[in-house]
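One structure is given here, and the rest of the page talks about it.
In this text the structure is predicted, and so the values were computed from the model without any measurement.
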Amino acid sequence: MKKIFWIVMFMLLLATSLLAMQENPNPVEAIPDVFTSLTGLAAGVLVLTSFIKKQLKTEGTITIIISIAAGLSISTIGWLLKLGIFNLVEWYYIIIYGLIAAIMANGLSTWEIIKNILTALKLKVPKEKEV
């Protein structure tokens with residue numbers, strides 16, 4: 001049993017040291033990644049909402065409203081700059097993608113539900129980013 005424990009500990013130590021050897025990514029370079037998919041947009045909404053929630057000390061419905069406003073704001077910026085999923089789409093995609101990202105950030109849905117909503121509305125369904 002002790003041998004298994006030490007083998008597992010060695011593997012964790014090796015994995016940790018390999019991860020630590022990677023370069024630290026520049027956070028400014030990661031900003032355009034928010035606009036590459038609805039999942040990235042939802043992550044951006046979540047980060048912005050968490051920051052505002054912490055500053056204003058809000059809870060409940062007010063936080064959901066802040067999340068929706070954050071989703072619409074980030075979507076507007078993406079559409080104005082023609083970034084990622086907002087490239088070559090009409091202005092009303094700001095509202096659709098912003099609301100969907102806010103819903104996803106609040107944990108009220110899954111990607112399958114969102115994809116079905118977009119398909120039902122006969123709108124462009126963004127491709128999932130392949131890893």
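- To the nearest 0.5 Å, atom OH of residue Y97 and atom OG of residue S37 are 10.5 Å apart.
- When all heavy atoms of V45 and A101 are compared, the pair lying nearest together is CG2-CB, 4.0 Å.
- Interatomic distance, CH2 of W91 versus CG of L80, reported as 13.0 Å (0.5 Å rounding).
- How far CD1 of I85 is from CG of L38: 4.5 Å, rounded to the nearest 0.5 Å.
- Under a 3.5 Å cut-off, the side chain of W79 and the backbone N or O of V89 do form a donor-acceptor pair.
- Of the inter-residue distances, the one linking I68 atom CD1 with I95 atom CD1 reads 12.5 Å to the nearest 0.5 angstrom.
- The two residues Y93 and F86 make their nearest non-hydrogen contact at O-CE2, 4.1 Å.
- Other residues, nucleotides and ligands place more than 12 heavy atoms under 6.0 Å from the CD atom of Q55.
- Side-chain heavy atoms closer than 4.5 Å link hydrophobic residues (I, L, V, M, F, W, Y) into clusters, and following such links, possibly through other members, connects Y92 to L83.
- Taken together through direct or relayed side-chain contacts under 4.5 Å among Ile, Leu, Val, Met, Phe, Trp and Tyr, M104 and I65 form parts of separate hydrophobic clusters.
- Taking CG of L72 as the reference point, atom CD1 of I94 lies at 8.5 Å (rounded to 0.5 Å).
- In terms of modelled atom types and a separation under 3.5 Å, the side chain of S67 and the main chain of T63 share no donor-acceptor contact.
- Looking only at side-chain heavy atoms (C-beta outward), L56 and I66 come within less than 4.5 Å of each other.
- Exactly one of V47, I52, L46 qualifies for a side chain to side chain contact (heavy atoms under 4.5 Å, CB included) with S50. That residue is L46.
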